[in-house]
Amino acid sequence: MGEWWTAVPTETSMGSYEISSISHVTMSPSRQNNLMSMYSSAGLSKSSYSVISAFCTEDNIPQCISYISQELASLGLSSTCIKASSPGGAGLDTVPALNAMYELLQIHRRNMCTLEELEKEQLKKSNTLEQMQMSNSRLKDQLELSIREKSGLHETERQLHLKIKTLQSCLKTEKDEVQKLQSIIASRASQYSHDAKRKEREAAKLKERLSQLLVERRDKKLAIDVLNSLGRSDGKRSHWKTTKVTASHEDEMYKSLLSDYEERQRALMLENTELKKVLQQMKKEMIHILSPCQPSTRGATAEDSQADSDGEEKAGDSSREMLDQSCEHAREQLTNSIRQQWRKLRSHVEKLDNQASQVQNEMESNNEVIPKEIHEDEMEKMRCEVQQCKEFIHTQQLLLQQQLNTSFDDETAALLNDCYTLEEKERLKEEWKLFEEQKRNFERERKNFTEAAIRLGREKKAFEEDCASWLKNQFLNMTPFTDRRSCSSSDGQSALSIRSEPEMRMSSTKAQLAKSLTYATVSTPKPTQSASVPSTAELYRTLRLMPDSRYYLVT
Amino acid sequence: MNFSELFKQSNQLCKVSPDGKYLATCVQYRLVIRDVSTLQILQLYTCLDQITHMEWASDSLFILCAMYKRGLVQVWSLEQPDWHCKIDEGSIGLVSSRWSPDGRHILNTTEFHLRITVWSLCTKAVSYIKYPKACQKGTDFSRDGCYMALAERRDCKDYVSVFVCDDWHLLRHFETETQDLAGLEWSPNGCVLAVWDSCLEYKVLLYSLDGRLLSTYSAYEWSLGVKSVTWSPSSQFLAIGSYDEKVRILNHITWKKIAQFDHPATINNAKAVVYKEVERRTAVGSDDLSLHNITIGTTLFNTQSKYEICPLPVQIPVVKPDPDRANPKIGVSTLAFSSDSRYLATKNDNMASVVWIWDMQKMNLEAVLEQTSAVRCFQWDPRRPRLALCTANTKLYLWSPAGCVSVQVPTEGGFQVQSLSWHGSGDSLILLGKEQLCLCFMDTDQEDKSHAGTEDLRAAL
């Protein structure tokens with residue numbers, strides 16, 4: 001056995017480690033082929049294969065050994081660690097190495113098997129999945145179809161229900177009618193039977209009578225026994241029955257009939273004329289109503305109405321004059337004209353109605369544009385305003401009334417007015433006076449205050465100066481420069497009071513500029529006892545004495 | 001109101017002469033003639049048998065008394081009490097007897113309606129009319145007395161013959177389009193003859209005087225039809241009462257229905273006044289005349305019933321007739337127009353205690369009178385719109401547009417007013433009981449009171 005070792009990189013290890021160099025793998029050809037196929041099936045590329053062969057070289061054998069043993073240990077394989085035959089040597093313990101290889105081979109084989117099985121299962125599962133999907137879709141289609149069918153059946157059921165209801169109601173009506181007819185038949189039958197019975201009874205009586213008469217033989221003749229004949233009720237003699245008489249009867253009958261008809265006709269004529277009068281009046285009134293209400297369409301309709309009215313007048317005249325002759329025509333004309341006028345009136349009224357409804361609609365639509373609430377709010381506001389205005393007006397009115405009421409005559413009123421105004425004027429004057437006084441007082445006090453403030457400022461300054469001078473003296477007394485200083489300071493002191501304003505200002509500014517400097521300045525700004533009121537700026541400046549003196553003090 | 005004492009009568013035969021002066025009553029076989037105003041007996045005649053029918057001649061000079069069982073008719077003269085006349089129909093029998101309008105002829109209808117014998121009192125001549133029809137109203141004389149219409153039946157067909165009453169000349173003879181003619185009636189102006197069929201078929205035919213068919217009216221088929229027909233006195237309306245409890249009014253110009261009056265069991269018509277008779281058993285003194293009581297005679301005449309105005313809706317008691325019996329007691333059986341044609345009074349047989357009064361001007365229900373018992377008879381005053389009715393008790397009821405009155409007839413012992421009839425002048429009423437009669441005289445001031453209503457009487461009280 002030569003020392004030939006295979007590098008069997010697993011897929012995972014291949015992916016994770018950086019393999020620097022792997023030696024070429026020498027294997028038995030079949031194994032090699034198997035391995036090759038396995039590798040190809042496992043998806044190893046040629047490049048990686050070449051990397052595998054580049055794993056172990058002559059140089060890095062011990063490293064490779066240790067690496068491989070580590071790997072094996074990490075993979076949990078047999079405890080037979082691959083050791084070098086001699087530490088640091090290029091050899092390898094064959095037995096553990098072979099065992100390890102064998103174990104690895106076994107593992108690999110097992111993996112392949114499981115892979116195959118898994119693939120098979122996956123195929124199967126995908127097949128079943130496909131089948132399931134197909135069946136699912138098929139079932140969905142079936143479900144839809146059946147739902148549609150169901151709704152269709154529902155619909156037909158509903159229609160049938162309706163039909164049943166209508167048929168039931170028809171049946172009910174038919175039954176009622178049948179009952180009614182049956183009752184009618186029953187009453188008629190009872191009537192018929194009653195009549196038949198009556199007739200039978202009468203026939204029986206007749207038969208009896210007849211038989212009685214046949215038996216009796218003695219025929220009681222009918223006779224009249226009158227004491228004396230009566231005269232006719234109208235006192236005339238009776239006439240023979242002749243054709244003339246019959247003819248006269250006919251004549252009489254016809255006469256009476258005719259007179260009745262004439263009477264009726266008269267009554268109807270009267271009624272007719274009355275109704276005609278009423279219609280005429282109505283027509284006139286309708287024309288009257290229509291004509292002033294149509295000013296815009298005067299051009300078109302006025303002519304018609306005029307023509308109509310002319311026609312009417314003509315018709316009226318004709319109807320009055322030719323009553324007997326052309327009654328028919330007159331009547332037709334009248335009725336036609338009435339109908340026309342009525343149609344016009346009706347159309348006019350309809351137009352008015354439409355207009356009214358349109359206006360209403362517009363109003364309503366306008367209201368719809370503005371939302372109701374806002375509209376109502378605004379309405380409320382307006383109402384309130386109106387109310388307020390009304391109240392205001394009311395009060396004004398009251399006051400005016402009062403005024404008017406109180407002014408009985410003009411003089412007194414004028415006088416009163418004058419009195420009132422005078423009073424007011426005087427009051428006003430007094431108040432002005434007060435105001436002036438107060439103003440003056442205030443001014444005075446202000447003046448005092450300012451003077452006091454100035455004085456205070458001056459006194460302060462003086463005090464400060466004194467302090468300063470005293471200190472200066474003290475210092476000068478201590479230092480060798482006292483002589484010179486004392487002279488200058490006294491000069492400065494004496495010159496203090498005589499300084500004029502501009503110089504003071506300049507000195508003050510100088511003092512301010514020289515704040516960082518440590519030497520003492522001689523000059524100190526100070527307001528003079530001028531007669532004029534000092535300005536506020538100067539006041540402030542005087543009050544700033546303190547910071548200057550401070551600077552002054554810091555030497 | 002004054003009431004006379006009771007007089008005897010039989011068979012409800014009591015009639016006032018056409019001129020209004022005399023009152024004829026029959027008591028068994030005697031004929032008593034009284035003066036209407038004084039009720040004194042003026043004449044007394046004795047007939048051969050119990051009088052079954054009595055009738056005044058149109059000139060008020062003669063009276064006929066018929067005795068159907070004996071087949072005899074006796075005629076009496078007022079002017080000449082000695083004058084007598086007897087007509088014997090012989091073995092042929094007698095079913096009805098009546099005067100002709102001229103007062104000189106008597107028409108006797110023989111038994112079984114074999115023929116009508118026309119006896120002339122002037123010439124003693126006899127005429128026969130063959131095949132008269134035995135029906136509800138087979139003969140009718142026109143109001144002016146010129147013509148007579150007669151219903152005939154030959155070979156299972158109905159005919160109408162129009163005779164001239166002067167000489168009984170047959171003027172017209174025509175077939176009618178009826179199945180079984182039940183009655184005929186002339187219009188008051190004598191120009192139109194209304195003919196109606198039996199109740200098995202609703203059909204009313206209108207013929208003019210010369211026999212032409214003017215119009216046919218049929219409201220419905222199959223159900224029982226016409227029960228009663230009446231003309232308005234002005235000939236303007238023809239009122240037809242039928243078994244369906246309705247009255248239909250036809251107008252004389254077009255002969256079409258212009259109004260229909262229903263008789264419902266519940267009255268809801270706000271314009272109608274419903275008077276209900278209310279009986280009281282209390283003593284007289286406790287009567288109080290509240291505004292709702294329209295009793296004029298409550299305290300005056302000791303009545304024990306009064307009319308109350310019922311608030312609407314009002315339920316009317318209905319009696320359902322036996323459906324198996326013929327001629328059922330249902331439908332409008334009685335119609336009567338007032339003399340001025342203003343009002344129509346009707347009675348529906350299954351509401352027998354109620355009288356309905358309709359206003360013909362407004363074609364609306366005017367008033368309803370509900371009585372405590374079935375109404376037996378009602379009749380309009382010939383002169384004014386006043387209706388008198390009776391319900392077979394001791395009271396007389398009067399209605400006028402002003403109000404309603406219940407009057408107790410002040411007679412002793414159970415005089416029940418079975419029927420009544422007005423005197424021609426409208427001043428008095430004849431009240432007929434079973435075997436007695438009583439006259440009621442309306443005073444002229446009473447008449448004003450009844451017009452004005454209750455106010456005057458209350459003031460008088």
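Just so it is clear: chains get the letters A, B, ... in the order the sequence lines come, proteins before strands, and each one is counted from 1.
You'll find the side chain of K284(A) stays beyond 4.5 Å of the side chain of I287(A), heavy atoms only. Using a 4.5 Å heavy-atom threshold, the side chains of P81(B) and W76(B) count as separate.
The line from OG of S97(B) to CD of E55(B) is 7.5 Å long, rounded to the nearest 0.5 Å. Atom CD of residue Q280(A) and atom OG1 of residue T273(A) lie 12.0 Å apart, to the nearest 0.5 angstrom.
Here the side chain of S218(B) pairs a donor or acceptor atom with the backbone of Y202(B) at under 3.5 angstrom. Within the 3.5 Å criterion, the main-chain N or O of L206(B) finds no donor-acceptor partner in the side chain of S215(B). Of the possible donor and acceptor atoms, one in the side chain of Y45(B) sits under 3.5 Å from a partner among the backbone N and O of S77(B). Under a 3.5 Å cut-off, the side chain of K283(A) and the backbone N or O of S337(A) do not form any donor-acceptor pair. Of the possible polar contacts, none joining the R104(B) side chain to the T123(B) backbone as a donor-acceptor pair under 3.5 Å is found.
Of residues 247-266 of chain A, those residues with a non-hydrogen atom less than 4.5 Å from any non-hydrogen atom of chain B are, in numerical order, H249(A), E250(A), E252(A), M253(A), Y254(A), S256(A), L257(A), D260(A), Y261(A), R264(A). By a heavy-atom distance cut of under 4.5 Å, I184(A), S187(A), R188(A), S190(A), Q191(A), Y192(A) are the residues of residues 179-192 of chain A near chain B, going up by number.
F62(B) and W99(B) have tilted rings, their planes meeting at an angle from 30° to 60° on a 0 to 90° scale. Under the 30°/60° scheme for interplanar angles, the aromatic rings of Y147(B) and W186(B) are found to be tilted.
Taking L61(B), N189(B), V126(B), L200(B) one by one and counting their heavy-atom pairs under 4.5 Å with chain A, the maximum is reached by L200(B). Each of D144(B), I87(B), L209(B), V192(B) has some count of heavy-atom pairs under 4.5 Å with chain A, and the biggest count is that of L209(B). For chain A, the option among T117(B), I92(B), D82(B), L121(B) with the highest count of heavy-atom pairs below 4.5 Å is L121(B). Interface remark: of the candidates V164(B), V162(B), D180(B), D88(B), D88(B) forms the most heavy-atom pairs closer than 4.5 Å to chain A.
Heavy-atom distances place both the backbone and the side chain of W222(B) under 4.5 Å from chain A. Heavy atoms closer than 4.5 Å to chain A are found in the side chain of L224(B), but not in its backbone. Neither the backbone nor the side chain of Q74(B) comes within less than 4.5 Å of any heavy atom of chain A. Of the two parts of C199(B), only the side chain, counted from C-beta on, holds a non-hydrogen atom closer than 4.5 Å to a non-hydrogen atom of chain A. Heavy-atom distances place the side chain of R172(B), and not its backbone, under 4.5 Å from chain A.
Within 6.0 Å of CD in E200(A) there are 12 or fewer heavy atoms belonging to other residues, nucleotides or ligands. Atom CD of E208(A) sits in a sparse spot, with 12 or fewer heavy atoms from other residues, nucleotides or ligands closer than 6.0 Å.
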